[in-house]
Amino acid sequence: MPELPEVEIVKQSLVKKIKFEKIKKVIVRNRNLRFKIPRNFEKFLKNNIIKKISRFSKYIVFNLSNGSFFIIHLGMSGTIHLIKKNKYNKFTNTSFYSSSILPVKHNHVEIQFEGLKIVYNDPRRFGFFKIIKDKNELLKKFAHLGPEPFFRSFSLKYISRYFKNKKKNIKNFLLDQKFVSGIGNIYASEILFFCKIIPSREVMKLSTNECKKIIYFSKLVLKKAIKKGGSSIKNFKNTLGNEGLFQKEFKVYQRENLSCLEHKCNGKIKKRFISNRSTFFCDICQK
DNA sequence: AAGAGGCCCTGATAGC
DNA sequence: TGCTATCAGGGCCTCT
């Protein structure tokens, strides 16, 4: 599920529903996420008010009333579900994203507020929660991450300097969070299609104009995806509303052997593995 | 230093 | 039906 646009959608929903709410109770059913959830996690969060919810790259950041933070990363398969109490004071299922039905298995973390709770579900457990003591530690945690495509610092100067004498291909660079943060495997293929650059191109051979396109279309594709509510791949069945719509707009991702959607291009979309990740492109109009 | 590859984990699907 | 193999939207670590 989650690249920058999907995480942004989750964040926006969380802002609407739990900003300024007080944490009443925390239940951890499985501590073994990507990083082990520490023993003091529940106690640390309890009685704090969520003062602010923001996003950086693919991380959701919660400011707590005690001056500390906690961050959530959704990994490959993490989803956050909102459960509300009905008028009989019982919890009923609705959701923020991806599925309106709370799955039966893999509900690892539950954070309860007055009248509602959020449930973190993650079959593959590549996601994680982390307590961050203060602002300094937060900055340190994100220090290794490059700019988001939306940042001014993601400039022509920045990327030309970065690409100089580098032999790695452009697809790998778009996935490299040290270079640019927030792009994942779906949007990397999509962005390169718009740029008309083949994913295997060595970055040192990119022209100035192509670098400009990378900046422009990285912003454009992500913005459009956010507008459409993100992408919902492999939806759970019984999805009612709330799922993203951007997957309907994919030009290349998961379109192997289908016709290229570029105007007047007769190509068929190809699928190749680039450093073990599936990559989609048209080898006629992308060069 | 840069780049390639393995690994963490479960579930869905394809092929026999 | 039931097995096995492969693949899935991420990122960290190790090795060369």
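Scope of the values below: all heavy atoms of this structure, side chains included, with no hydrogens, waters or symmetry mates.
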**Request:** Sticking with atom P, work out how far C/dT6 lies from B/dG6, rounded to a whole angstrom.
**Result:** 13 Å
**Prompt:** Is there a side-chain polar atom (N or O) of A/Ser278 under 4.0 Å from OP1 or OP2 of C/dC7?
**Reply:** no
**Complete:** Residue pair A/Arg124/A/Lys167 against DNA chain B: nearer the 5' end by closest nucleotide is A/Lys167
**Request:** For C/dA5 and B/dC7, measure between their P atoms and round to the nearest Å.
**Result:** 16 Å
**Request:** Ignoring the backbone of A/Arg125, work out which of C/dA8, C/dG10, B/dT10 is nearest its side chain.
**Result:** B/dT10
**Request:** May I ask you to verify if any side-chain N or O of A/His106 is less than 4.0 angstrom from the OP1 or OP2 atom of B/dT10?
**Result:** no
**Request:** For A/Phe246, answer base if it contacts any base atom (sugar-phosphate contacts may also be present), sugar-phosphate if it contacts only those atoms, and nothing otherwise; contact means non-hydrogen atoms under 4.0 Å.
**Result:** nothing
**Closest-nucleotide ordering on DNA chain B, the 5'-leading residue of A/Asn276 and A/Asn165** = A/Asn165
**Request:** Check whether any side-chain nitrogen or oxygen of A/Arg34 sits under 4.0 Å from OP1 or OP2 of C/dG10, and answer yes or no.
**Result:** no
**Prompt:** Is A/Lys105 near enough to B/dC9 that one of its side-chain N or O atoms lies under 4.0 angstrom from OP1 or OP2?
**Reply:** no
**Message:** Using the side-chain heavy atoms of A/Phe173, tell me which of these nucleotides is nearest: B/dA4, C/dG10, B/dG3.
**Reply:** B/dG3
**Request:** Grab the two heavy atoms, one from A/Tyr187 and one from A/Ala225, that are nearest each other, plus how far apart they are.
**Result:** OH-CB, 3.4 Å
**Prompt:** A/Leu33 versus A/Arg125: any side-chain heavy-atom pair under 4.5 Å?
**Reply:** yes
**Message:** Under 4.0 Å, heavy atoms only, any strand: does A/Lys178 hit a base, just the sugar-phosphate, or nothing?
**Reply:** nothing
**Prompt:** Among A/Glu21, A/Gln112, A/Glu110, which residue meets the side-chain hydrogen bond (donor to acceptor under 3.5 Å, both in side chains) test with A/Lys117?
**Reply:** A/Glu110
**Request:** Under 4.0 Å between any heavy atoms, over every strand shown, what does A/Tyr59 touch: base, sugar-phosphate, or nothing? Just pick one.
**Result:** sugar-phosphate
